[in-house]
Amino acid sequence: MSGVYKLDAHLYRQMLKQCEKEAPAEACGLLGGADGLSGTRIFPLENLDACAESYKMDPKAVLSVMKTLDENDMELNAIYHSHPATPSRPSKVDIAQAYMQVVYLILSLAGDEPVLKGFYIDEGDVTEVPVEIVEKAGEADVK
């Protein structure tokens with residue numbers, strides 16, 4: 001799979017807010033859309049690991065999201081998590097635990113500015129996927 005993952009800007013802001021709130025633990029969640037490369041719906045989930053080195057989502061919560069996406073003719077197309085103190089690249093744990101054929105988004109809070117990067121992870125092979133944050137006309141920040 002190749003292409004650019006497009007993420008609605010208001011979803012990026014939600015993701016960032018969640019990641020900042022849950023730091024120093026990793027935050028995590030799922031994204032869905034009409035196709036494999038457009039994030040138009042976000043599902044923040046609890047990190048059951050509650051630590052800075054890994055994340056684990058409740059399988060029942062993941063199934064609930066999958067059902068919601070299916071009911072809305074959407075597909076799961078990204079799994080996101082934060083790296084509160086390390087760069088936006090998959091760790092050995094991230095690579096070992098990647099089992100779905102979706103984009104893995106990693107939001108690093110380690111520097112002065114947050115950095116969001118995307119990756120395909122397939123049987124240990126990691127390929128970076130460009131991420132574009134898309135601002136829709138008439139969309140305003142909700143605070």
Side-chain angles (χ1 to χ4, degrees), residues 1-122 126-143:
M1 197 182 266
S2 63
V4 175
Y5 188 86
K6 295 184 179 186
L7 178 62
D8 283 1
H10 72 283
L11 301 182
Y12 169 75
R13 291 187 287 273
Q14 274 185 262
M15 181 191 307
L16 177 59
K17 187 175 181 179
Q18 175 197 4
C19 293
E20 290 173 336
K21 180 181 176 187
E22 295 185 24
E26 289 190 2
C28 58
L30 304 173
L31 289 158
D35 60 47
L37 290 170
S38 59
T40 56
R41 184 125 183 230
I42 190 168
F43 300 88
L45 297 176
E46 178 185 0
N47 176 0
L48 299 178
D49 283 352
C51 73
E53 291 84 34
S54 65
Y55 68 97
K56 180 179 179 182
M57 297 180 213
D58 179 347
K60 289 180 184 175
V62 172
L63 285 174
S64 176
V65 168
M66 299 291 281
K67 182 179 178 190
T68 299
L69 288 170
D70 189 51
E71 289 169 350
N72 289 281
D73 294 321
M74 301 173 92
E75 62 183 78
L76 174 68
N77 59 31
I79 296 173
Y80 71 87
H81 73 280
S82 62
H83 280 187
T86 58
S88 295
R89 63 176 171 260
S91 67
K92 289 179 183 178
V93 172
D94 295 336
I95 294 168
Q97 293 180 346
Y99 64 94
M100 298 186 81
Q101 297 298 309
V102 298
V103 175
Y104 287 84
L105 297 173
I106 301 174
L107 181 61
S108 174
L109 304 175
D112 292 338
E113 294 292 324
V115 176
L116 180 66
K117 291 187 178 181
F119 303 90
Y120 286 118
I121 304 172
D122 185 23
V126 178
T127 305
E128 189 165 349
V129 176
V131 178
E132 181 182 340
I133 298 172
V134 181
E135 194 76 55
K136 290 187 175 177
E139 189 176 89
D141 267 324
V142 177
K143 296 186 181 191

Q: Is there a side-chain contact between Y104 and V126 in this structure, where contact means two heavy atoms from C-beta onward sitting under 4.5 Å apart?
A: no
Q: For the atom pair CD (Q101) and CG (N77), what is the distance rounded to the nearest 0.5 Å?
A: 13.5 Å
Q: To the nearest 0.5 Å, what is the distance between CD1 (I95) and CG (D122)?
A: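 Taking CD1 in I95 and CG in D122, the distance rounds to 12.0 Å.
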Q: Between E135 and R13, does any NZ, NE, NH1 or NH2 come within less than 4.0 Å of an OD or OE carboxylate oxygen?
A: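 So R13 pairs with E135 through a salt bridge.
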Q: What pair of heavy atoms forms the shortest contact from Y5 to V129, and how long is it?
A: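 It is N-CG1, 4.0 Å.
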Q: Under 3.5 Å, side chain of D73 to main-chain N/O of A34, donor-acceptor pair present?
A: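 Pair absent, no side-chain N/O of D73 close to backbone of A34.
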Q: Sequence neighbours excluded, which residues qualify as side-chain contact (heavy atoms from CB on, under 4.5 Å) partners of E132?
A: V4, K6, V134
Q: I need the minimum non-hydrogen distance between E26 and A52, along with the two atoms involved.
A: OE2-O, 3.3 Å
Q: Might you work through the side chain to side chain contact (heavy atoms under 4.5 Å, CB included) test for L30 and V102, ending with a clear yes or no?
A: CA-CA 10 Å; L30 304 173; V102 298; over 6 Å; no
Q: Of the non-hydrogen atoms in R89 and D94, which two are nearest, and what is the gap between them?
A: O-OD2, 4.3 Å
Q: Return the set of residues passing side-chain contact (heavy atoms from CB on, under 4.5 Å) with A23 (not counting sequence neighbours), or none when no residue passes.
A: P84, L109
Q: Quick one: pull up NE2 in H83 and CD1 in I106 and give me the separation to the nearest 0.5 Å.
A: 4.5 Å
Q: Within the structure provided, determine whether T86 and S91 are in side-chain contact (heavy-atom separation under 4.5 Å).
A: no
Q: Does some side-chain heavy atom of V93 sit less than 4.5 Å from a side-chain heavy atom of E53?
A: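 In short, these two side chains do not touch, never coming nearer than 4.5 Å.
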Q: What's the separation between atom CD1 in I42 and atom OH in Y80, rounded to the nearest 0.5 Å?
A: 3.5 Å
Q: Taking C-beta and beyond as the side chain, do V103 and V131 meet within less than 4.5 Å on heavy atoms?
A: no
Q: State, to 0.1 Å, how close G33 and T40 come at their nearest heavy-atom pair, and which atoms those are.
A: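 That closest heavy-atom pairing would be CA-OG1, 3.4 Å.
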Q: State whether the side chain of S64 and the backbone N or O of K60 hold a donor-acceptor pair below 3.5 Å, judged by distance alone.
A: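 No, the answer is negative, given that no donor and acceptor are paired below the 3.5 Å cut-off.
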Q: Measure the shortest side-chain to side-chain distance between L45 and D58 over non-hydrogen atoms and say whether it is less than 4.5 angstrom.
A: no
Q: Measuring from atom CG of L107 to atom CG of L16, what distance do you get when rounded to the nearest 0.5 angstrom?
A: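 L107 atom CG to L16 atom CG measures 5.5 Å (nearest 0.5 Å).
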Q: Could you report the tightest heavy-atom contact between C19 and S82, atom names first, then the distance?
A: SG-CB, 3.5 Å
Q: List the atom of V115, the atom of S88, and the distance in Å for their closest heavy-atom pair.
A: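 Nearest heavy atoms, V115 then S88: O-OG, 2.5 Å.
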Q: Hey, are the side chains of Q14 and L11 touching, using non-hydrogen atoms and a 4.5 Å cut-off?
A: yes
Q: First locate atom CD1 of I133, then atom CE of M15, and finally report the distance between them rounded to the nearest 0.5 Å.
A: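 I133 CD1 to M15 CE: 8.0 Å, rounded to 0.5 Å.
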Q: Going by side-chain contact (heavy atoms from CB on, under 4.5 Å), name the residues that satisfy it together with E22, two or more places apart in sequence or in a different chain.
A: Q18, A27
Q: Any side-chain heavy atom of L69 sitting closer than 4.5 Å to one from F43?
A: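 When only atoms from C-beta onward are counted, F43 and L69 do touch, with a gap below 4.5 Å.
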